[in-house]
4 protein chains.
Amino acid sequence: MSPKRIDRTERRRVILRAATEVFAARGYRAATMEEIAAAAGVAKGTLYLYFPSKEALFFALFERFADDAMAEGGADSETTNAVDAVAALLLQIAARIDADTVLVPLTLEFWSVAGVAETRDRFGARYGQMLDMFRGQITAMLRAGQRRGEVKEKLPLQPLASTLLGVIDGLIVQRWVDTELSVADTLREALPALMAGMRSGPGDARPAA
Amino acid sequence: MSPKRIDRTERRRVILRAATEVFAARGYRAATMEEIAAAAGVAKGTLYLYFPSKEALFFALFERFADDAMAEGGADSETTNAVDAVAALLLQIAARIDADTVLVPLTLEFWSVAGVAETRDRFGARYGQMLDMFRGQITAMLRAGQRRGEVKEKLPLQPLASTLLGVIDGLIVQRWVDTELSVADTLREALPALMAGMRSGPGDARPAA
Amino acid sequence: MSPKRIDRTERRRVILRAATEVFAARGYRAATMEEIAAAAGVAKGTLYLYFPSKEALFFALFERFADDAMAEGGADSETTNAVDAVAALLLQIAARIDADTVLVPLTLEFWSVAGVAETRDRFGARYGQMLDMFRGQITAMLRAGQRRGEVKEKLPLQPLASTLLGVIDGLIVQRWVDTELSVADTLREALPALMAGMRSGPGDARPAA
Amino acid sequence: MSPKRIDRTERRRVILRAATEVFAARGYRAATMEEIAAAAGVAKGTLYLYFPSKEALFFALFERFADDAMAEGGADSETTNAVDAVAALLLQIAARIDADTVLVPLTLEFWSVAGVAETRDRFGARYGQMLDMFRGQITAMLRAGQRRGEVKEKLPLQPLASTLLGVIDGLIVQRWVDTELSVADTLREALPALMAGMRSGPGDARPAA
DNA sequence: CATGAATGAGGTTTCATTCAT
DNA sequence: AATGAATGAAACCTCATTCAT
């Protein structure tokens, strides 16, 4: 019924998609608004009708990225063994990274832009939020596991969660330099050995019911 | 006949030091040669007497960084238990990261620059070299441990090495957003639990006793 | 939907005109894009919307100059005596030089830029093309004159054409140092004496009569 | 007897020779003092002990060039036929141009630099001096020829001299675009035909004795 | 005398942003 | 709403000139 049949939400999405490609391929600074506009099939000026500045556009991208990542959470932490559930969460994230080729360079780019003094606050806060959420989730899963006697007591849950989560980012870095490497495959092989020590063995089982 | 007495090596070092600060604080693209010159206490033109271009300067920085990191190796892998030795190597790297505040943003910046199409080859190759060296070293240490019966047989050594090494980079990312976080402290707490599963337990011990 | 209405061709012309002035007055290297922009009444960046580089702008100028010069040809070579026709062609070129004051310094500048190693190929080839065309035209006119019995047989047509054409460039140089000198006037006076020897005299006339 | 066995005059010559090569190959603006110093086998600073500036060095080169050219004059204008003597003078200059490969680009460069507003006065005046000298010489030779009855009366001597001299410069231009072309050969072939019309024929001979 | 390291003004080019249409 | 021409602030890099040794 609107005179012009233009769906602002849809066009915004198109622009964000184009920006994703361009930022991933060229980096934040090297990417030009011209390139993004061309990739989105709109004129340069149009970008400014949807995002007030280049930085805002990049930040919007980042937010969508963070939202998506955080939606990933909420797994079946109750049904399975806690250690397996944590592994499953990590593998799920890893699979998404392997599947979407722009995620690796784009993640690198987020880190870099966020490291720059001017943008540190905006980006850093948001990224920290995301990290906290994941760390919290992992910690909670492990704590639940401890309550159920699946996970050893006396484990430094916070540092463990940080480290486990870090594994993902660490493999992202290795993936950009070695495009053959599969984050998910690597994790699938390595996690069992790494997490074995967290399971409560026969000796330290709860006195049980 | 006697030209001005200048220690070119020393001056080069001063410039590299200044570049380290500026690149870390502002990022590669945002950093200007003017800023670097000012930080080094020389004129803009002088930078070009030591490095032919901005990119060359950044790459030189990266090389020195890679050299330093690789010199880190050669630990006491023979004397101690292999698992402990690997942990010690990681902790040593972690300590260096905690000690030098510019290392975190600079590392992020390396990743980002290397991810950009134009520079990917130059930087990526060098970074891959460094990663390979570390992965190789960790793999070798674990394999030696297997021979000595300290490390479980049937472990996927390559993926494990990648993952363990990745832990460092993953924590660097977290450290950048949470400057309170100590990479070394986190690792010191988390590693025992993560690596416990790699040690050969009583059950799978060598015939021995 | 209706973008700003701009006559790109006209604006291109304005820029070329401004560039002509500035390059003529200051020389290729000394001329700055800033100056050219100011002379054209546009901003520096605008120049780059029409020409990708300073060199391209200069080359475009050169091409237009060459095109104009070559369009000059096609005189009334059939109706008049061949020797007179050649003289008329030279005088026509000369008149254009006298009329347009920037042509002298600009021509000097073309020569100079074309002489420099880096640009020799691009500019040299184009200039050679123009020279060849003029030499060919003069040669053809004289040959036709020979067929009609107006021009002496046994003349070295190629060298003569080169030399006659060279007279123009030689006078351009003199005009540059002596702005009073009129290329056309000088030629009008000198050519009859110089070309008299090319006309077939009574002695070497065709059997005819 | 002097403590240092350095002949300033000789070193000046060496620098000028090096400058000749570099200016010819790269043009005035593109040539750097660094390159000239390297070509001369001295340090950059040393150039400034002999010439106060780049422009002064180029001008010195130009002056030497002009001096050499003017020394060329004073031929055997008395002994031979005046028309032949003029032709001989032009051929002599042409031969020198063919022999010395740097003369062509260097001449072009002189013209160009002299065309630039800032240097016009210095260079232009000197160049005009040189041209005047040659024109004067040719005019004088022809006038003497008229007195001796070798040259037609009623000839526009000034324009003729300008044009004949111009032929040289015109062929220099053609030579840079066509390095095969020999200025001397071209002139040797073309001049007889061009100058034939200046000789007093049987009909217009002086009543004479 | 000679050197060559250092300087910094100045040049070309890029590109985020604005705004008339 | 959309366009894309125009702007002009920066940025990288060059190089003539100076001057401490």
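Lettering follows sequence order; numbering is per chain, from 1.
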Would you classify D:Phe51 as touching base, sugar-phosphate or nothing, given that sugar-phosphate means primed atoms plus P, OP1 and OP2, and contacts are heavy atoms under 4.0 Å? nothing

Under 30°, 30 to 60°, or over 60°: which ring-plane class applies to A:Trp111 and A:Tyr127, parallel, tilted or perpendicular? perpendicular

Which dot-bracket string describes DNA chain E (Watson-Crick N1-N3 plus N6-O4 or O6-N4, or G-U N1-O2 and O6-N3, all under 3.5 Å; [ ] crossing; | other strand)? .||||||||||||||||||||

Does the Lys NZ or Arg CZ of D:Lys54 fall within the cation-pi geometry relative to D:Tyr28 - under 6.0 Å from the ring centre and within 45° of the axis? yes

Report, as a single string ordered 5' to 3', how protein heavy atoms within less than 4.0 Å touch nucleotides 11-17 of chain E: B base, S sugar-phosphate only, - not at all. SSBBSSB

So, for B:Phe58 and B:Phe123, is the gap between ring centers shorter than 6.0 Å? yes

Closest of F:dG4, F:dA1, E:dA6 to the A:Leu49 side chain is F:dA1

Counting heavy atoms from C-beta on, name the nucleotide in F:dA2, E:dG4, F:dT7 closest to the side chain of C:Val42. F:dT7

Could you state the CD-C1' distance from B:Glu10 to E:dA6, rounded to the nearest angstrom? 17 Å

Student check: side-chain heavy atoms of A:Arg122 and A:Phe62 closer than 4.5 Å: no

To the nearest angstrom, the CG-P distance between B:Asp7 and E:dA6 comes to 11 Å

Quick one: are D:Thr107 and D:Phe65 in side-chain contact, heavy atoms under 4.5 Å? yes

Does the side chain of A:Val116 reach to within under 4.5 Å of the side chain of A:Arg120, using non-hydrogen atoms? no

Check whether any side-chain heavy atom of B:Val42 lies under 4.5 Å from a side-chain heavy atom of B:Arg11, and answer yes or no. yes

Return the value, rounded to whole Å, for the distance between atom CD of D:Glu35 and atom P of E:dG4. 17 Å

Quick one: is D:Arg8 getting a side-chain N or O under 4.0 Å of the E:dC1 phosphate, OP1 or OP2? yes

Cationic tip of A:Arg126 above A:Phe59 ring, under 6.0 Å, 45° of axis: no

For the atom pair OG1 (A:Thr119) and CZ (A:Phe110), what is the distance rounded to the nearest 0.5 Å? 12.0 Å

Would you please confirm or rule out a distance under 4.0 Å between OP1 or OP2 of F:dA1 and any side-chain N or O of A:Tyr50? no

Separation between the P atoms of E:dC1 and F:dT21, rounded to whole Å: 22 Å

Spacing between D:Leu47 atom CG and F:dT18 atom C1', to the nearest angstrom: 14 Å

